[in-house]
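In what follows, a structure is listed as structure tokens, so that the remarks can point back to it.
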Amino acid sequence: MVQAKSWTLKKHFKGFPTDGNFELKTTELPPLNNGEVLLEALFLSVDPYMRVAAKKLKEGDRMMGEQVARVVESKNSAFPKGTIVTALLGWTSHSISDGNGLTKLPVEWPDKLPLSLALGTVGMPGLTAYFGLLDICGVKGGETVMVSAAAGAVGSVVGQIAKLKGCKVVGTAGSDEKVAYLKKLGFDVAFNYKTVKSLEEALRTASPDGYDCYFDNVGGEFSNAVILQMKTFGRIAICGAISQYNRTGPCPQGPPPEVVIYQQLRMEGFIVTRWQGEVRQKALTELMNWVSEGKIQYREYVTEGFEKMPAAFMGMLKGENLGKTIVKA
């Protein structure tokens with residue numbers, strides 16, 4: 001019998017998550033029925049959205065999330081033993097599936113790319129960057145793009161795609177190490193928002209003419225400052241609001257309505273699951289090719305050990321990671 005370890009939500013978050021919010025449980029999995037497979041997690045993802053999505057869980061429920069897993073036993077001919085899949089199985093070491101919701105790794109996946117990239121640049125975060133920038137912002141060559149949390153899993157890909165499309169790219173991050181990384185990736189301007197004397201002045205110096213597109217990962221007062229410097233007909237893709245996820249008080253006010261009106265700005269929130277089927281597959285192939293060709297660089301922040309899932313999650317929310325946070329089971 002296989003013992004499956006799972007991290008559950010012991011108590012709903014109030015403010016910043018702590019170890020006391022999580023509980024590790026062990027369950028014995030039953031033998032497989034016909035049509036089922038037994039999966040063993042190889043890599044697990046922790047992402048900012050989980051802080052918000054956990055509100056929908058009941059206390060005692062398993063934490064949600066995607067993983068790269070290997071089929072270790074199979075009674076389903078579509079998924080023979082050894083098949084590598086991605087699936088939204090949550091924070092668990094082993095699971096049983098009837099095959100629904102399992103996505104095989106593409107057959108053309110290059111050997112030189114780590115499997116964990118299917119949770120990052122060639123997975124959900126990469127797709128978020130791709131569609132947020134190209135569809136929601138509708139970016140064009142020659143435009144100026146501003147990216148917040150630019151050294152994260154999504155932001156770092158946004159900036160690199162924008163450069164591939166011929167844009168000027170300005171990125172912000174919360175440490176000098178991250179700023180150096182952004183410059184290495186080819187960002188035209190990058191600065192540490194925590195150490196500048198004035199955020200408004202730093203934004204103006206980076207692009208005196210303003211910004212055509214803003215890819216917003218942080219929300220709050222930071223984003224208000226950027227929105228004040230958008231060009232007429234500017235577009236804002238609202239991807240995340242990590243600066244607000246752990247707040248305990250009221251939300252800060254949004255941008256002044258008159259700025260949105262008279263600058264004729266368009267702001268749109270989005271979730272990457274909107275794009276499915278052929279367009280999603282085309283985007284994944286393009287991302288995979290860009291990475292293989294060295295046109296998009298990636299960085300992974302890997303924590304080893306399934307027992308460290310909560311620590312990796314909390315560290316990511318604090319901004320300890322450079323690039324995509326991954327747990328190697």
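- Between the side chain of Ser243 and the backbone N or O of Val218, at least one donor-acceptor pair lies under 3.5 Å.
- Under the 4.5 Å side-chain criterion, counting only non-hydrogen atoms from C-beta, Lys282 is not in contact with Thr285.
- Side-chain contact between Glu177 and Leu322 is present, with at least one heavy-atom pair separated by less than 4.5 Å.
- Under a 4.0 Å N-O distance rule, the pair Asp188/Lys168 does not qualify as a salt bridge.
- Within 6.0 Å of NZ in Lys104 there are more than 12 heavy atoms belonging to other residues, nucleotides or ligands.
- A side-chain donor-acceptor contact under 3.5 Å links Lys178 to the backbone of Gly319.
- At a threshold of 4.5 Å between non-hydrogen side-chain atoms, the residues Pro110 and Met288 count as touching.
- For NZ of Lys163, the number of neighbouring non-hydrogen atoms (other residues, nucleotides, ligands) closer than 6.0 Å is greater than 12.
- Residues meeting the side-chain contact (heavy atoms from CB on, under 4.5 Å) test with Thr232, sequence neighbours left out: Gln263, Gln264.
- Judged by distance alone, the side chain of Thr128 and the main-chain N or O of Met124 form a donor-acceptor pair under 3.5 Å.
- The residues Glu268 and Arg274 are annotated as salt-bridged, a charged nitrogen and a carboxylate oxygen being separated by less than 4.0 angstrom.
- Residue Phe313 forms a ring-ring contact (aromatic ring centres under 6.0 Å, His included) with just one option from Trp91, Phe16, Tyr49, and that option is Trp91.
- The main-chain N or O of Gly132 is never found under 3.5 Å from a side-chain atom of Asp135 such that the two would form a donor-acceptor pair.
- The distance from atom CG of Asp98 to atom CG of Asn34, rounded to the nearest 0.5 Å, is 12.5 Å.
- Note on Tyr298 and Trp109: same hydrophobic cluster, where clusters join Ile, Leu, Val, Met, Phe, Trp and Tyr whose side-chain heavy atoms are under 4.5 Å apart, directly or indirectly.
- With hydrogens and angles disregarded, no donor-acceptor distance shorter than 3.5 Å links the side chain of Thr8 to the backbone of Lys10.
- Remark: Leu38 CG to Phe79 CZ distance equals 14.0 Å, nearest 0.5 Å.
- Residues Asn76 and Gly35 come closest through the heavy atom pair ND2-O, 3.0 Å.
- Going from atom SG of Cys213 over to atom CZ of Arg266 covers 8.5 Å, rounded to the nearest 0.5 Å.
- Shown here is Lys231, whose NZ atom has more than 12 heavy atoms of other residues, nucleotides or ligands within 6.0 Å.
- Taken to the nearest 0.5 Å, the SG atom of Cys239 stands 11.0 Å off from the CG atom of Leu133.
- Considering every non-hydrogen atom in both Ile161 and Tyr130, the closest pair reads CD1-CA, 3.8 Å.
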Practice task
Given side-chain hydrogen bond (donor to acceptor under 3.5 Å, both in side chains), test Ser45 with Lys324 step by step and report yes or no.
Solution key: CA-CA 8 Å; Ser45 180; Lys324 176 73 184 89; 2.7 Å; yes

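- Within 6.0 Å of the CD atom in Gln3, the count of heavy atoms belonging to other residues, nucleotides or ligands exceeds 12.
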Exercise for the section: Starting from the C-alpha separation in whole Å, work towards a yes-or-no answer on salt bridge (Lys or Arg N to Asp or Glu O under 4.0 Å) for Arg235 and Glu143. Expected result: CA-CA 11 Å; Arg235 291 91 68 201; Glu143 292 188 320; 2.7 Å; yes

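- In this structure a side-chain-to-backbone donor-acceptor pair under 3.5 Å is missing from Ser223 to Gly220.
- Criterion: ILVMFWY side-chain heavy atoms under 4.5 Å apart, direct or through other members. Under it, Tyr193 and Val179 are not part of a common hydrophobic cluster.
- The cationic group of Arg299 lies under 6.0 Å from the six-membered ring centre of Tyr181 and within 45° of the ring axis, placing it in a cation-pi geometry.
- In this structure, Ile236 and Ile227 have side chains that are in contact, with non-hydrogen atoms separated by less than 4.5 Å.
- Shown here is Arg70, whose CZ atom has no more than 12 heavy atoms of other residues, nucleotides or ligands within 6.0 Å.
- Of the possible polar contacts, one joining the His12 side chain to the Leu57 backbone as a donor-acceptor pair under 3.5 Å is found.
- Using bins of under 30°, 30° to 60° and over 60° for the plane-to-plane angle, the ring pair Trp275/Phe131 lands in the parallel bin.
- For the pair Val291 and Leu117, the minimum side-chain heavy-atom distance is below 4.5 Å.
- Under 4.0 Å is where a charged nitrogen must lie from a carboxylate oxygen, and between Asp212 and Lys140 no such pair does.
- The line from CG of Asp61 to OG of Ser6 is 11.5 Å long, rounded to the nearest 0.5 Å.
- Atom-to-atom distance recorded for Thr103:OG1 and Leu284:CG is 9.5 Å, nearest 0.5 angstrom.
- Evaluation of the side chain to side chain donor-acceptor pair (under 3.5 Å) rule for Glu66 yields no partner, not counting sequence neighbours.
- Side chain of Asn21 to backbone of Lys11: a donor-acceptor contact under 3.5 angstrom is found.
- Between Trp7 and Phe306, the ring planes are tilted. Angles from 30° to 60° get that label.
- Between the side chain of Glu23 and the main chain of Leu9, no donor-acceptor pair closer than 3.5 Å is present.
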Practice task
With side-chain hydrogen bond (donor to acceptor under 3.5 Å, both in side chains) as the test, would you mind laying out the steps for Asn217 and Ser148 before giving the verdict?
Solution key: CA-CA 6 Å; Asn217 289 305; Ser148 55; 4.5 Å; no

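- Using a 4.0 Å cut-off between charged side-chain N and carboxylate O, Arg280 and Glu278 make no salt bridge.
- Environment of CD in Glu201: sparse, with no more than 12 heavy atoms of neighbouring residues, nucleotides or ligands closer than 6.0 Å.
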Practice task
Show your working on side-chain hydrogen bond (donor to acceptor under 3.5 Å, both in side chains) between Glu300 and Ser116 and close with a plain yes or no.
Solution key: CA-CA 9 Å; Glu300 293 182 312; Ser116 51; 2.7 Å; yes

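- No donor-acceptor distance shorter than 3.5 angstrom exists from the side chain of Asn289 to the backbone of Glu286, with no hydrogens or angles considered.
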